[in-house]
Amino acid sequence: MSFLCNVSLHLSAALLGVFAGAMLTEAMVLVPYWRSLAPTEFFAWYAANDRRLLRYFGQLTTATALIVIAAAIAALATSHPAAISAMTAAALMLAVVASFPLYFKRANESFAAASIDAAAVSAALARWSAWHWVRTVASFAALAFALHAL
């Protein structure tokens, strides 16, 4: 069981690294690009790419969350010295996951459907960006705790 715990802790840190990097890329590349577009261009881009974003981030988020939770359970079950760090990483990842149905699902759907008034797009993207930075920081904090668990 100790071997499986160590493997899951390493996988947890690796996947959190990829996940946090993807979150940072979205924040530093995609969001500024979206904000540079006129509302009609943004809506067209988002409608054309919504499913790709959802598929990519959905699969990455699910895989990361499952491995991070498994690592926390394994660390707890084996009384690993860094079980608290692994559990903290899992709690932070769960908070990131919870942000999707609480905010991002509806916001993303409104972008894809172009159901926001064009004059409100800038404010909506600013709000989306702010919430995204919260989950990006939480992702990096989860990564730090996962690395500490190693």
Side-chain angles (χ1 to χ4, degrees), residues 4-76 82 85-150:
L4 290 176
C5 177
N6 285 332
V7 168
S8 67
L9 288 171
H10 280 83
L11 283 173
S12 172
L15 274 173
L16 276 166
V18 172
F19 181 79
M23 294 274 95
L24 185 62
T25 300
E26 189 172 28
M28 299 291 292
V29 176
L30 282 177
V31 175
Y33 173 67
W34 294 341
R35 294 177 88 175
S36 75
L37 298 173
T40 54
E41 292 172 317
F42 167 70
F43 287 140
W45 185 97
Y46 205 92
N49 293 287
D50 176 52
R51 292 290 167 220
R52 286 184 192 99
L53 289 169
L54 187 59
R55 187 172 40 252
Y56 173 76
F57 281 103
Q59 292 172 359
L60 180 58
T61 303
T62 301
T64 302
L66 291 175
I67 293 298
V68 172
I69 291 166
I73 291 169
L76 192 60
S85 291
M87 291 172 59
T88 304
L92 286 163
M93 188 62 201
L94 286 173
V96 170
V97 169
S99 70
F100 185 78
L102 293 174
Y103 172 74
F104 290 97
K105 183 179 187 303
R106 194 170 331 145
N108 295 352
E109 288 170 349
S110 71
F111 295 157
S115 62
I116 301 171
D117 184 77
V121 170
S122 180
L125 282 172
R127 186 171 40 259
W128 194 100
S129 178
W131 280 108
H132 183 72
W133 273 110
V134 169
R135 71 179 175 175
T136 300
V137 169
S139 299
F140 274 94
L143 173 60
F145 278 101
L147 290 170
H148 182 264
L150 296 178

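When a residue number appears, it is its place in the shown sequence, counting from 1. In what follows, every heavy atom counts, from backbone to side chain, and hydrogens, waters and symmetry copies are set aside.
- Rounding to the nearest 0.5 angstrom, the gap separating the CD atom in Gln59 from the CG atom in Leu54 is 9.5 Å.
- Residues that satisfy the side-chain hydrogen bond (donor to acceptor under 3.5 Å, both in side chains) test with Arg55, not counting sequence neighbours, are absent from this structure.
- Side-chain contact between Val96 and Phe19 is present, with heavy atoms from C-beta onward closer than 4.5 Å.
- The shortest distance between side-chain heavy atoms of Phe43 and Ile116 falls below 4.5 Å.
- Contact of the Leu30 side chain with the Thr25 side chain is not registered, since no non-hydrogen atoms from C-beta on lie closer than 4.5 Å.
- Minimum heavy-atom separation, Ala13 to Leu143: O-CD1, 3.4 Å.
- Between Ala138 and Leu92, the shortest heavy-atom contact is O-CB, 4.0 Å.
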| Criterion side chain to side chain contact (heavy atoms under 4.5 Å, CB included) on Val68 and Leu15, from CA distance to verdict | CA-CA 8 Å; Val68 172; Leu15 274 173; 5.8 Å; no
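- Val97 is listed as a side-chain neighbour of Thr61, based on a closest heavy-atom distance under 4.5 Å.
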| message | Show, in sequence, the C-alpha distance, side-chain angles and deciding distance for Trp133 and Leu24, and conclude whether the side chain to side chain contact (heavy atoms under 4.5 Å, CB included) test is met. | response | CA-CA 8 Å; Trp133 273 110; Leu24 185 62; 3.8 Å; yes
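- If you take OG on Ser8 and CG on Leu66, they are separated by 12.5 Å, rounding to the nearest 0.5 Å.
- Side-chain atoms of Arg51 do not come within 3.5 Å of backbone N or O of Ala47 as any donor-acceptor pair.
- When all heavy atoms are compared, the tightest approach of Ala142 to Ala89 is O-CB, 3.4 Å.
- In this structure, Arg135 is positioned above the aromatic face of Trp128, its NZ or CZ under 6.0 Å from the six-membered ring centre and within 45° of the axis.
- Rounding to the nearest 0.5 Å gives a distance of 10.5 Å between CZ of Arg127 and OG of Ser122.
- To the nearest 0.5 Å, atom CZ of residue Phe104 and atom CZ of residue Phe111 are 9.5 Å apart.
- Considering all non-hydrogen atoms of both residues, Ser12 and Ile67 come closest at N-CG2, 3.5 Å.
- Side chains of Leu125 and Val31 form no contact here, defined as non-hydrogen atoms less than 4.5 Å apart.
- Across all their heavy atoms, Tyr103 and Ala124 have their closest contact at OH-O, 4.1 Å.
- Rounding to the nearest 0.5 Å gives a distance of 8.0 Å between CG of Leu53 and CG of Asn108.
- Between Glu109 and Asp50, the closest side-chain pair of non-hydrogen atoms is not below 4.5 Å.
- Of all heavy-atom pairs between Ala86 and Ala72, the closest is O-CB, 3.5 Å.
- In this structure, Trp34 and Glu26 have side chains that are in contact, with non-hydrogen atoms separated by less than 4.5 Å.
- Cation-pi geometry between Arg35 and Phe42 is not met at under 6.0 angstrom from the ring centre and within 45 degrees of the axis.
- In this structure, the side chains of Ile69 and Met93 stay at 4.5 Å or more apart for every pair of heavy atoms.
- We find the CZ-CE distance between Phe57 and Met23 to be 4.5 Å, quoted to the nearest 0.5 Å.
- Listed for the Ser129 side chain is no donor-acceptor partner under 3.5 Å among the backbone atoms of Ala126.
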